[in-house]
Protein chains: 4
Amino acid sequence: MAQPARPLRADAARNRARVLDVAYETFADEGLSVPIDEIARRAGVGAGTVYRHFPTKEALFTAVIADRMGRMVDDGRALLESEGPGEALFTFLRSLVLQWGAADRGLVDALAGYGIDVACAAPEAEDAFKAMLGELLRAAQEAGTARRDIDMRDVKAILVGCQAMQAYDSALAERATGVVIDGLRPPR
Amino acid sequence: MAQPARPLRADAARNRARVLDVAYETFADEGLSVPIDEIARRAGVGAGTVYRHFPTKEALFTAVIADRMGRMVDDGRALLESEGPGEALFTFLRSLVLQWGAADRGLVDALAGYGIDVACAAPEAEDAFKAMLGELLRAAQEAGTARRDIDMRDVKAILVGCQAMQAYDSALAERATGVVIDGLRPPR
Amino acid sequence: MAQPARPLRADAARNRARVLDVAYETFADEGLSVPIDEIARRAGVGAGTVYRHFPTKEALFTAVIADRMGRMVDDGRALLESEGPGEALFTFLRSLVLQWGAADRGLVDALAGYGIDVACAAPEAEDAFKAMLGELLRAAQEAGTARRDIDMRDVKAILVGCQAMQAYDSALAERATGVVIDGLRPPR
Amino acid sequence: MAQPARPLRADAARNRARVLDVAYETFADEGLSVPIDEIARRAGVGAGTVYRHFPTKEALFTAVIADRMGRMVDDGRALLESEGPGEALFTFLRSLVLQWGAADRGLVDALAGYGIDVACAAPEAEDAFKAMLGELLRAAQEAGTARRDIDMRDVKAILVGCQAMQAYDSALAERATGVVIDGLRPPR
DNA sequence: TATGAATGAGGCTTCATTCAT
DNA sequence: TATGAATGAAGCCTCATTCAT
């Protein structure tokens with residue numbers, strides 16, 4: 001999101017992006033406690049290179065989260081176009097569980113506020129995410145497909161819960177997400 | 001659960017119970033990464049005493065979980081008596097969120113399968129928990145208060161999700177749990 | 001100086017004293033940049049043991065300095081008895097150079113204020129040292145063997161200089177200290 | 001001192017001189033442990049440029065010392081002209097303390113032989129410095145303003161001590177230097 | 001040639017576990 | 001048996017030096 005003062009050299013930018021992707025996968029595989037050295041090894045770079053781009057482990061983790069949240073925002077907005085206002089919210093919720101399959105421990109930890117406060121560490125990403133979620137919810141409420149006695153923050157909490165379910169057991173999560181979604185629809 | 005060959009001396013049994021309680025609180029406060037020394041300090045014993053009762057940190061954690069799951073089983077069964085078959089399941093779900101308020105990181109981590117696989121580590125506790133949950137669900141389904149297209153494993157996943165919501169934001173969790181419960185009720 | 005709340009176990013006290021002594025020698029030999037692991041190795045203990053007694057490298061260094069300053073204070077006071085008021089100050093100055101022979105880098109660094117501010121880190125030791133130095137100076141001034149236009153702080157600065165000379169070249173330091181001492185005597 | 005085979009291009013020579021000056025200031029501010037990157041940053045060049053001119057950190061440090069010693073030699077010689085033989089030595093000593101005011105850690109460390117042996121690393125600078133100091137001392141001895149029972153090496157040790165005093169407390173150093181100088185004057 | 005990115009060894013510190021008291 | 005001191009393997013991070021751009 002934030003542009004660095006000077007654009008990175010081509011090779012540095014490539015390394016940075018590679019570290020970010022590998023870090024996402026590695027956190028997802030192993031959880032937040034995975035050593036930085038392991039991420040560096042998987043990315044095929046020295047540990048120093050990771051630290052050049054992300055000065056602390058927490059900064060790396062925050063960058064991963066911000067990156068992923070940015071993608072989620074894009075996904076959510078795209079769904080509003082492709083699915084229409086009535087179903088975009090629900091499809092978004094389901095897509096979190098379906099697409100981001102394999103145990104996504106790091107992200108869940110982060111969304112649930114473990115260890116790192118996303119709202120503080122990456123406020124722009126957090127705000128953009130909340131704005132997108134608010135739009136999806138409002139669209140669904142206006143379309144009459146979502147109950148009106150909830151707000152964006154409730155949906156965000158539920159989303160965290162779905163992520164946790166998915167980490168707990170991806171096979172079950174799909175059906176359980178359906179149950180939760182039924183709870184979000186208007187009564188009757 | 002497993003009884004030692006010889007019953008513990010009274011003071012040893014007292015120490016064991018105290019460590020178990022303190023460990024629960026400490027994991028809840030600080031997460032799984034809290035040092036054993038901190039637990040020993042809070043319990044007012046030496047680190048060696050903790051290791052006498054629980055041979056590894058993982059064994060201690062597993063024992064904490066098994067202990068808590070045992071209490072949950074008792075709670076669930078009691079609710080079946082006090083609340084009746086139709087509402088016991090929902091009250092149980094709400095009570096997890098309400099009673100076990102303050103961030104209960106350790107338990108959520110465990111239930112979600114982080115780091116430790118409860119089903120393997122404490123199979124008896126896991127089985128008892130599942131049995132109780134199955135009873136609550138069947139009772140509700142027979143009473144017509146829960147939809148019939150879900151099974152115990154779905155409810156367990158949802159329960160994990162509710163725990164995660166509660167860890168994420170206890171204030172929101174109560175209302176969000178209501179939404180989820182609405183999803184569990186029969187359609188229409 | 002400060003007594004711990006509970007007295008250490010005998011073996012722990014022995015280890016602590018040993019680490020303190022070895023750390024002094026090692027800092028003196030190698031300078032402040034010597035790794036803690038090297039000190040642990042020389043002391044025949046694990047690195048963890050050093051950290052149990054001194055929570056950071058700086059704390060270890062401060063403790064070494066405070067310990068040495070305490071010994072200096074004792075030495076100075078003893079000289080006042082054995083040498084009499086007129087010569088105790090000068091004998092003390094010489095003894096710093098003679099006794100504490102081999103390059104005492106760490107101590108010089110500390111006295112000179114490099115890296116660590118002794119006055120802040122070990123204020124009691126610093127105060128006791130200044131008090132002792134003030135007594136030696138006053139005694140000499142009253143005995144007529146030291147000039148009256150200087151105060152304790154000047155003497156402390158000169159002492160730092162002598163330590164530096166000694167670190168620079170112990171062989172030369174003895175004669176050069178004699179020159180400096182001549183400068184401290186009353187004119188004519 | 002040593003001239004490169006081919007004279008440097010004008011911009012390269014400018015860079016070299018700039019790095020040398022900035023390195024002096026930076027070592028003086030931060031001590032020998034300052035990273036090369038910090039020096040490069042302050043000089044407005046890349047780290048690679050520093051390494052092009054000085055193949056190791058030690059070489060850079062040595063060059064800084066040699067450069068400064070060269071300036072001291074020039075200063076000392078000039079004082080012999082301007083102050084006359086009787087006072088040049090003492091004025092030189094005072095000027096070290098007064099002019100090179102602000103904590104000059106790097107230089108003091110070096111003169112005192114910390115980490116680097118100036119006599120080995122920059123023997124020409126060391127020899128020229130000693131020669132100059134010998135001239136100042138001899139001039140003062142012949143003028144009758146310095147005692148005759150000391151030689152150049154004693155004065156060098158004392159100079160090191162004065163530098164250390166100045167690093168310890170610049171405010172005190174001026175008066176304390178006066179005391180030391182009194183010690184250098186002939187008795188009576 | 002200048003730049004600054006990459007490397008990787010090494011330092012400080014933590015903490016699960018063992019063991020002497 | 002209870003204590004808490006000792007151990008030592010890792011983990012995070014820094015920085016001298018090399019090298020691709």
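First the proteins, then the strands, lettered A, B, ... as listed; each starts at 1.
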Let's see if you can work this out: which of [options] has an atom nearest to the side-chain heavy atoms of [X]?
| X | options | result |
| --- | --- | --- |
| A:V45 | E:dT7, E:dC15, E:dA5 | E:dT7 |
| B:T49 | F:dA2, F:dC13, E:dT17 | F:dA2 |
| A:K57 | F:dT17, F:dC12, F:dA2 | F:dC12 |
| D:Y51 | F:dA5, F:dA2, F:dT17 | F:dT17 |
| D:A47 | E:dT17, E:dG4, F:dC12 | E:dG4 |
| A:T56 | E:dC12, F:dC13, E:dA6 | F:dC13 |

Tell me the interatomic distance from [X], atom [atom1], to [N], atom [atom2], rounded to whole angstroms.
| X | N | atom1 | atom2 | answer |
| --- | --- | --- | --- | --- |
| A:D11 | F:dA20 | CG | P | 11 Å |
| A:R41 | E:dG8 | CZ | P | 14 Å |
| C:L32 | E:dG11 | CG | C1' | 14 Å |
| D:I39 | E:dG4 | CD1 | C1' | 16 Å |
| A:N15 | F:dA20 | CG | P | 13 Å |
| A:F61 | F:dC12 | CZ | P | 14 Å |
| C:H53 | F:dA6 | NE2 | P | 4 Å |
| A:E38 | F:dC12 | CD | P | 11 Å |

Under a 4.5 Å cut-off applied to non-hydrogen side-chain atoms, are C:I39 and C:L60 in contact?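 Yes. Closest side-chain heavy atoms under 4.5 Å.
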
Both B:G46 and D:I36 contact DNA chain F. Taking the nearest nucleotide for each, which residue is further toward the 5' end?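 Of the two residues, B:G46 wins.
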
Toward the 5' end of DNA chain F, which comes first, A:D37 or D:V34, by nearest nucleotide?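 So the residue in question is A:D37.
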
Taking a pair as Watson-Crick or G-U wobble with both distances under 3.5 Å, which nucleotide is matched to E:dC15?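 E:dC15 is paired with F:dG8.
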
Tell me which nucleotide, if any, is Watson-Crick or G-U wobble paired with F:dA20 when both distances must be under 3.5 Å.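 E:dT3 is the nucleotide pairing with F:dA20.
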
Separation between CD of C:E58 and CD1 of C:I65, rounded to the nearest 0.5 Å: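 Nearest 0.5 Å value for the CD-CD1 distance: 11.5 Å.
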
Could you pick out which residue, D:R52 or C:P55, lies toward the 5' side of DNA chain E when each is mapped onto its nearest nucleotide?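 Its nucleotide being nearer the 5' end, the pick is D:R52.
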
Which is more 5' along DNA chain E, the nucleotide nearest A:R16 or the one nearest C:R14? Just name the residue.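 Residue closer to the 5' terminus by nearest nucleotide: A:R16.
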
Does this structure show an ion pair linking D:R71 with D:D67, if we count only N-O contacts that are shorter than 4.0 Å?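 D:D67 and D:R71: salt-bridged.
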
Using a strict 4.0 Å threshold on nitrogen-to-oxygen distance, state whether D:D21 and D:R68 make a salt bridge.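 A salt bridge is present here (some side-chain N lies under 4.0 Å from a carboxylate O).
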
How close do D:K57 and D:L32 get, counting heavy atoms only, and between which atoms?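 Distance-wise, the nearest heavy atoms are NZ-O, 3.0 Å.
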
